[in-house]
Colleague: 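Before I ask anything, let me first share the structure, which is written out below as structure tokens.
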Amino acid sequence: MQTLDLVIRGMTCDHCARSIESAVLELPGVAEARVDYPSGRGTVQGASLDVDGILAKIRGLGYQAEIAEDATASLDTEKPHIAIIGTGSAAFAAAIEATGRGARVTLVERAPVIGGTCVNIGCVPSKILIRAAHIAHLQSQHPFRGLPRCRGNIDRPALLAQQQARVEELRHAKYESILEQHPEIALLRGEARFLDAHRLEITGEGGHSQVLEPDRILIATGARPALPEIPGLADTPWWSSTEALATESAPEHLVVLGGSVVALELAQAFLRLGSRVTLLARSTLLSREDPEIGALLAELLEEEGMALHLHTVPESVAHDGRNFHVHLPDGEHIECDRLLVATGRRANTDRLGLEKAGVETDPAGRIRVDERLCTSQPHIYAAGDCTTLPQYVYVAAAAGTRAAINMTGGDARLDLSAMPAVVFTEPAVATVGMDTRMAAKAGLKVETRRLDLDSVPRALANFDTRGFIKLVAEAGSGRLLGCQVVAAEG
């Protein structure tokens, strides 16, 4: 990897610096370009740099550019080179760990922004929306006598602006600033595709491409919303969670397809922000969890005003240019102005050319990994939502860190036997370890204890006794195997 240090004169503002960076990044062989306006210095990194071409490009923009006298282009080939496809939580956790262990890292990203799902279109914006909806609900529905209840007009554009400002702030703090602080991590813009098990072709804007042949490769490309095969649905302007979180106005009537985490969190949030909400679930709510959880949530959401249709999949969906028409198997017809599809996600692996690299996937396209995060190829690793691992940001980060350790000569394992999980409904759902079904599948005999919140003094003091705490223990020994909680702030 070559590094070229420059002195650049003639810049008048930070926008000049960004313009130079963008122009230089278009040149073949350039992996990263950073320009600092106040100091008038710039750094360009890449596998094979055309120094004269870079200087000509900058001078063509009207600036003076020279090689810094105190530095010359250098080649660093001694450190092991790791290429990481993606820039989400798994990718950055791996990059930081790998460089700390002496490697040099090239991050490859095809999207216009870095940071992956969590900070941009997932965890961060959704939790802001959910919290705002919670506050709105408390204003009008709190249980305390003597305190006035109110239901004011909700300024959705103002909420959205605040939400996106925090997203940008956290993206810079948790991702962009990492690149600024770690010069040994290079960012290469473009789409990656395997040519074979050892070579990656990176194609950027304008069709410019270059080939990387790193020592190790980490695939951390994440996942995207999956669309169920319902007649007519693909031809309508349906929402994924991305569009739902970016809307400037709450729907009058929102229909949600799905019964899992994203579906429930967003359905309740929009209900509390003033929308009429109908939810259609293929099975029960949170069907992968203890059945008592989904049963209680269904009861509480209906009490709050949500219309639920369990064990229901639409026969067809249509859009007339203004409204959706959802036709159910029992002959019922539901009309709504927005339709949110939250029926799961699919791995972003279909454009990587994994077959050329010999990387095995499951039938859904998710990459199979072992406890060391290694794929079917010993030098290729994978982490995050593109794998068969649970789709949680903290699992992705833990997997990325362990993959980096293993790619740099260590031996780290990912143990998910006591993985915690939270669903941010109200009341919240919190689980860790095994439930009764998981224990039975593992061949364990168990005993359980359930404590309803109407027996918990703090819940009584809060005037909110919705929920329960359930413990699962091994019969005989009493060894705790798991816990399931449904409770406010669970």
Side-chain angles (χ1 to χ4, degrees), residues 112-113 115 117-176 225 236-258 261-279 300-307 319 321-324 334-342 422-428 462-464 488-489:
V113 296
T117 296
C118 181
V119 71
N120 290 305
I121 57 173
C123 316
V124 173
S126 69
K127 300 311 170 284
I128 294 173
L129 178 72
I130 290 166
R131 187 62 176 177
H134 174 66
I135 298 300
H137 181 72
L138 285 180
Q139 286 179 322
S140 61
Q141 301 293 328
H142 70 77
F144 293 96
R145 298 172 184 172
L147 296 181
R149 294 179 178 180
C150 62
R151 181 70 177 184
N153 293 326
I154 295 174
D155 188 342
R156 177 61 188 149
L159 283 174
L160 180 61
Q162 182 186 39
Q163 168 188 303
Q164 293 308 108
R166 182 53 53 90
V167 165
E168 292 173 9
E169 173 189 326
L170 289 176
R171 182 172 61 235
H172 179 75
K174 302 297 183 181
Y175 296 92
E176 294 167 346
T236 69
W238 55 278
W239 270 357
S240 69
S241 57
T242 302
E243 291 78 30
L245 291 169
T247 182
E248 290 191 346
S249 60
E252 291 184 15
H253 182 194
L254 175 67
V255 169
V256 179
L257 303 186
V261 180
V262 175
L264 294 181
E265 289 182 348
L266 295 187
Q268 187 179 42
F270 277 103
L271 181 69
R272 292 180 163 190
L273 290 173
S275 298
R276 183 160 64 96
V277 176
T278 301
L279 186 140
L300 297 178
L301 290 174
E302 286 186 319
E303 287 179 2
E304 202 168 303
M306 189 180 300
H319 192 263
R322 180 175 181 180
N323 290 322
F324 291 86
I334 301 175
E335 187 173 337
C336 62
D337 57 319
R338 291 294 181 187
L339 177 65
L340 168 60
V341 179
V422 178
V423 183
F424 290 93
T425 49
E426 181 65 25
N462 288 348
F463 293 93
D464 187 359
E489 308 292 347

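As a basis for the values below, the full set of heavy atoms in this structure was taken, side chains included, without hydrogen atoms, waters or symmetry mates. Counting from 1, the numbers follow the sequence of the chain as shown.
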Colleague: Between Asp337 (side chain only) and Glu252 (backbone N and O only), is there a donor and an acceptor less than 3.5 Å apart?
Modeller: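 Present.
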Colleague: Write down the atom of Pro125, the atom of Val119, and the distance for their closest heavy-atom approach.
Modeller: CD-O, 3.7 Å
Colleague: Once you measure the plane-to-plane angle for Phe270 and Trp239, does it fall in the parallel (<30°), tilted (30-60°) or perpendicular (>60°) bin?
Modeller: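 The arrangement is tilted - the two ring planes meet at 30° to 60°.
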Colleague: So do Thr236 and Phe324 actually touch side chain to side chain, heavy atoms under 4.5 Å?
Modeller: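 With C-beta onward as the side chain, the pair touches.
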Colleague: Please report the shortest heavy-atom distance between Leu245 and Leu160, naming the atom on each side.
Modeller: O-CD1, 3.5 Å
Colleague: Under the salt bridge (charged side-chain N to carboxylate O under 4.0 Å, His left out) rule, collect the residues that match up with Arg338, sequence neighbours excluded.
Modeller: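 Applying salt bridge (charged side-chain N to carboxylate O under 4.0 Å, His left out) to Arg338 gives none.
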Colleague: Given the rule in the side chain to side chain contact (heavy atoms under 4.5 Å, CB included) test, do Glu304 and Leu300 qualify, once you have shown the distances and angles that lead to the verdict?
Modeller: CA-CA 6 Å; Glu304 202 168 303; Leu300 297 178; over 6 Å; no
Colleague: Among all residues two or more places apart in sequence or in another chain, which pass the ring-ring contact (aromatic ring centres under 6.0 Å, His included) test with His172?
Modeller: none
Colleague: Mind checking whether Leu301 and Leu264 have side chains closer than 4.5 Å, heavy atoms only?
Modeller: yes
Colleague: If I compare all heavy atoms of Ala133 with all of Ala269, which pair ends up nearest, and what's the gap?
Modeller: CB-O, 3.4 Å
Colleague: If you define the side chain from C-beta out and look only at heavy atoms, does anything of Leu266 sit under 4.5 Å from Val256?
Modeller: no
Colleague: Using atom types as modelled and distance alone, determine if a side-chain donor or acceptor of Gln162 lies under 3.5 Å from a backbone N or O of Leu159.
Modeller: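 Between the backbone of Leu159 and the side chain of Gln162 there is no qualifying donor-acceptor contact (under 3.5 Å).
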Colleague: Determine yes or no for a side-chain-to-main-chain donor-acceptor pair under 3.5 angstrom, with Glu248 supplying the side chain and Pro157 the backbone.
Modeller: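 Here the side-chain-to-backbone pair does not exist.
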Colleague: Any side-chain heavy-atom pair from Cys336 and Thr278 closer than 4.5 angstrom?
Modeller: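 When only atoms from C-beta onward are counted, Thr278 and Cys336 do not touch, as no gap falls below 4.5 Å.
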Colleague: Determine all donor-acceptor pairs shorter than 3.5 Å in which one atom belongs to a side chain in residues 146-154; sequence neighbours excluded.
Modeller:
| unit_1 | atom_1 | unit_2 | atom_2 | d |
| --- | --- | --- | --- | --- |
| Arg149 | NE | His142 | O | 3.0 |
| Arg149 | NH2 | His142 | O | 2.8 |
| Arg151 | NH1 | Arg272 | O | 3.2 |
| Arg151 | NH2 | Arg272 | O | 3.0 |

Colleague: Tell me if a side-chain donor or acceptor on Glu426 pairs with a main-chain N or O of Gln268 at a distance below 3.5 Å.
Modeller: no
Colleague: Got a donor-acceptor contact below 3.5 angstrom from the Ser275 side chain to the Pro251 backbone?
Modeller: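 Yes.
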